Structures are given as C-alpha cells and as structure tokens.
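Here is the structure we will look at, set down as structure tokens.
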Amino acid sequence: MSTIQLCTPIPGPRSQALMKRRNAAVAQGAYHATPVFVARAEGAVVEDVDGNRLIDFAGGIGCLNTGHRAPAVVEAVRRQLDRFLHTSFNVLPYESYVAVCERLNSIVPGKGPKKTVLVNTGAEAVENAIKIARRYTKRPAIVCFEDAFHGRTYMTMALTSKTHPYKAGFEPFPGDVYRIPYAYCYRCSYSMQYPSCDVHCARHLEDTFKRTVAAESVAAIVVEPVLGEGGFVVPPAEFFPLLGEICRRHGILLIADEIQTGFARTGAMFACERLGLEPDLITMAKSLTGGLPMAAVTGRAEIMDAPGVGQLGGTFAGNPAACEAALAVLDMIEREGLCARADVLGERFRQRAAKWQARWELVGEVRGLGAMQALELVRSKETRQPADEETKQVSQYCYEHGLVTITAGSYSNVIRLLMPLVLTDAQMDEALDVLEAALGHVAEKKGALAAQRG
Ligand SMILES: Cc1ncc(COP(=O)(O)O)c(C=O)c1O
C-alpha cells in the first residue's frame, strides 16, 4: 500500500478554515511554505487535519534527520517531563546539559580539548560564535559569504546574503562584516570555470585583505560547509583546505556553521569531515534534538573560555527536555547507521535526477552531499536563467500530490531534499515519483507555452 493517502484536495477544508484564522491572527511575516495544517507525524510521514497522509521531504527545515517522533527521543523527553521542566542552567545546573557538552566535545572534528555552550536557536549559536571569536582574538571584523544564510537576528542578518525576504527594510545592520563570493561553480561570481580557475574564490581572500579589510583586523570567517538556504552548493575539494591555510597564516578563526549540514545529513556526523574543513568553532542546531529548540557552539577549549563568567548563556539555554532529546538523537544516529543511510538515499535520488536532467531543459544542475541533495531549475541550460516561478509550481504540485518539499537558493530556483533519514526505500521511491511527475508537469507545460508562442 502506498504511504501517500489523499482523501481531500490539498489543502482540505479544515486546513483552509485554519488558514483563514491564521491570516487573521498571525503576522504575515511568519511565512509558511505549504497551506497544509498538520495533525500528527511519525517517521517521514505527516497526517494533516483533513486526514491526508503526506511524505515529508522538508523535515521541519532539516531538523528531523532522525524522523518525526523517533521513539527513543520521545521516551527520553517523556522521562524528563516527569522529573523537571526548567530550572535554568544558570541557576540550578543539571547533568544532561553537561552530558550533551561532553558528547559534542568528543564528536566535533578538530584536535585538542574542546568545550561547548548550549543556546536555543541556530541564529543564537552563530551570534555566540561571533562573540567568542571577537573576545578571543580581540579583533572586530567578520568575513562571510555570498549566498550564505545564518539567521534572522541582527548580526546573523548582516552575515546572511539574500536580500529578499531576509534583509530588505531591516537596515542598518551591524558593521565590520565583509562578504566574499562562495565557491558556487554553477554561478561563479568571477565567471571562471573549475578546475582551470585554480579555486580563485579562495585565493582571492588575500586580495580582500589588501583592498577591503586588513587580515589583522579579522576575528573570524564564518562559512557553511554546504550552502543551506543558498541552494545546497558543495565547494570543490581544494576550497576548504585552502581557506583553512589562509586563516591559520593570519591568525583568523574559522567558524563552520553546521546548523543545516550537521548530524548525518551529508553522510557524516558533520560535513566538515567530508570536505577537509578544520574549524576552530562549530555552530549546531536543527537535527541535534529531533524537533526541540536547542543549539550549540563547540570549539577549542582555550577559545571557548575566552568570554568570562556570565558572558554566555540565557534563561532557557540548554532546556532539560531538549538535552535528553539530544542525547537520544546522538545515540540513534550511531545505532541506526544514519550517516551511511544518508549516502544511500542521496545516491538513490541522484540516479533518478540524472535522468531528469538529461530529459528536461528545466533541470539545470543536480548537486549535493549525502542526503543533502538539490535540483537547480533554469529556464534554459544555456543561459542558466533562474526558473523561480517554475520552482514554485513544482513545489505546489508536490504538496498537492502528497509530497512536502521546500525551495532554496538566492534566486529561489532550487528544490532541496531534507527528508528524515529513517524513511524507507519504498517511501523514497514513492516521493521521487511525485517529484518526477511535478517536474514533468511543469517542464511540459512550459514547453507547450513556448510552442504556442512560437
Ligand atoms: C546554516 C544555517 N545557519 C543558521 C540558521 C538559523 O537557524 P535558526 O532558524 O534556528 O535561528 C539556519 C536556519 O535555517 C541555517 O540553515
């Protein structure tokens, strides 16, 4: 029997009624990618308020590598609910917070002793990494990348690249932030080609230090190992080793933002491990807890200890239920071999997607690492003009036919896959059938329109 079961058109009548209430009561800035209101969820499947069952390729924006309501996670949280819910680690500490820090210190890549601090959200983790880096280096400037996304607070908006909807109208942003091109080879900012470019984008940093900001003023470079919101771009093999070498030469810290890439998504616990990236600090959130809000910064102990007593933390930081969930998630990733599973799922997607790319002009590039895979859609393979409208249509066709997807990319023309890694092969194939039908529907509609015009 298929997993997707639709008993009403999507959105169904109950979802539509709730959407009316939502529009009247909720600020429009709080965006939603689908009009589907959820009633319950399990593994890779969500059931909406009208009784429809959909496969989830969004995973709460990459928070559910271990799936919805993973039994071990639910059990760990339930046990904690019977003990205590909140004391604030700043007032009455508890063991699970310490245990999460110990676990992260032992699995985060990098040599030497490490320490960790827990916070609530990804953006807060990035904010704290910047505070720690500035305090340690006693330098002000931060270098970040085009197409990066680091959050919605003021400092992380400054670090984020995409103007609409994330930044426009919220200016001014904090200063001393400098942006350079990422290794986005499909849309190279220097109009060069890999490998003949000799990874110019990384080497050009030395030029930035001469013409834009002095190296000795730079505290840190913040980078996503694979762009998340920017469209699942994976840099070539030489990029991160070169970046690391330049940072070390100038005493600049390297902060890896693993908020979307972390916890098995890319086929390793952290994407850094696969890409030769040796960070001084790592920010983590999303799939760390299987669905509760918690984030972390881990790094070399001497760096992490630069801020003095009371300079890090927050009322809810490291909530006890979230800590128990994180410990269960970390066990589950190892026990169930989810890193290897990510590679299997990624490969299953790539085999299908290669055929789509060969068949349809619309599919410009297929790319990704492990199960962090994406399609960049274009109006023409030659001009690479972003197909943003068509991307919206593909995503809409998908949810109307029982598959939840989300888009990405600075040009809003990327379909990204963030499915729970616990989904079965049969569910994966069923979901890819829907995606294939969506691409075919949009590509052929586009073809028919072009023929009419011609
Ligand atoms: C790479 C990256 N950094 C930071 C963030 C911000 O995380 P949060 O939404 O939890 O603040 C995100 C969220 O999508 C992200 O993908």
Side-chain angles (χ1 to χ4, degrees), residues 29-33 57-65 117-131 133 142 144-162 165-167 170 173 177 179 182 184 220-235 240 254-266 270-272 275 277 279 281-298 314 316-319 322 325-326 329 368-374 405-410 412 414 416-418:
Y31 174 75
H32 52 91
F57 259 23
I61 323 185
C63 296
L64 296 166
N65 292 353
V117 66
L118 302 181
V119 289
N120 300 292
T121 66
E124 208 184 330
V126 176
E127 292 271 355
N128 276 279
I130 304 292
K131 279 171 66 176
I142 305 293
C144 60
F145 287 87
E146 285 175 7
D147 305 301
F149 181 87
H150 296 289
R152 295 170 183 273
T153 58
Y154 261 94
M155 186 63 192
T156 57
M157 269 196 287
L159 298 171
T160 288
S161 176
K162 192 172 178 176
Y166 302 126
K167 303 173 71 159
F170 294 124
F173 303 117
V177 170
R179 192 177 314 284
Y182 194 77
Y184 187 177
I221 295 183
V222 188
V223 67
E224 291 163 89
V226 178
L227 292 180
E229 295 288 320
F232 285 22
V233 176
V234 189
F240 286 119
L254 199 45
I255 302 174
D257 182 344
E258 289 257 15
I259 286 165
Q260 194 156 157
T261 48
F263 306 107
R265 172 57 45 190
T266 64
F270 299 102
C272 287
L275 296 170
L277 172 54
L281 297 170
I282 292 198
T283 55
M284 296 155 278
K286 291 194 185 276
S287 274
L288 167 62
T289 55
L292 294 180
M294 191 167 83
V297 186
T298 299
F316 279 114
N319 170 271
V329 160
L369 190 64
M372 191 167 180
Q373 295 287 336
T405 61
I406 45 175
T407 60
S410 291
S412 308
V414 175
R416 56 175 152 165
L417 271 57
L418 286 169

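Indexing begins at 1, ligand by ligand and atom by atom, following the structure's order. Numbering of residues begins at 1 and proceeds along the displayed sequence. Keep in mind that this is a model prediction, so the values were computed, not measured.
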Gly122 versus ligand 1: do any nitrogen or oxygen atoms come within less than 3.5 Å of each other?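 There is such a contact, yes.
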Measure the distance from atom 6 (C) of ligand 1 to every protein heavy atom, then report the residue, atom name and distance (to 0.1 Å) of the closest one.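 Protein heavy atom at minimum distance: Ala123 N, 3.7 Å.
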Could you find the nearest protein heavy atom to atom 4 (C) of ligand 1 and give me its residue, atom name and distance?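 Looking at atom 4 (C) of ligand 1, the protein heavy atom closest to it is His150 O, 3.3 Å.
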Please determine, by modelled atom types, if Thr283 and Asp257 share a side-chain donor-acceptor pair under 3.5 angstrom.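 Present: a donor and an acceptor within the cut-off.
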Do the ring planes of Phe173 and Tyr154 sit parallel (below 30°), tilted (30 to 60°) or perpendicular (above 60°)?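 Phe173 and Tyr154: tilted rings.
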Taking Glu124 for its side chain and Ala295 for its backbone only, find out whether a donor-acceptor pair lies under 3.5 Å.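 Checked: no pair found.
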Quick one: which ligand 1 atoms are inside 4.0 Å of a heavy atom on [X]?
{"X": "Glu224", "value": "1 (C)"}
{"X": "Gln260", "value": "14 (O), 16 (O)"}
{"X": "Ile259", "value": "2 (C), 3 (N), 4 (C), 5 (C), 12 (C), 15 (C)"}

Of Val223, Ile259, Val222, which is the lone residue that meets side-chain contact (heavy atoms from CB on, under 4.5 Å) with His150?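 Exactly one candidate clears the test, Val222.
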Would a 4.0 Å cut-off, counted as strictly less than, catch a protein heavy atom around atom 16 (O) of ligand 1?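 Under the 4.0 Å cut-off, atom 16 (O) of ligand 1 does have protein heavy-atom neighbours.
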Heavy-atom contact under 4.0 Å between Lys286 and ligand 1?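 Lys286: in contact with ligand 1 (<4.0 Å).
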Mark the output for Asp257 as yes if a heavy-atom distance to ligand 1 is under 4.0 Å, and as no if none is.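 It does; at least one heavy atom falls under 4.0 Å.
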Nearest non-hydrogen partners of Leu277 and Ala256, listed with the distance: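 Closest approach of Leu277 to Ala256: CD2-CB, 4.0 Å.
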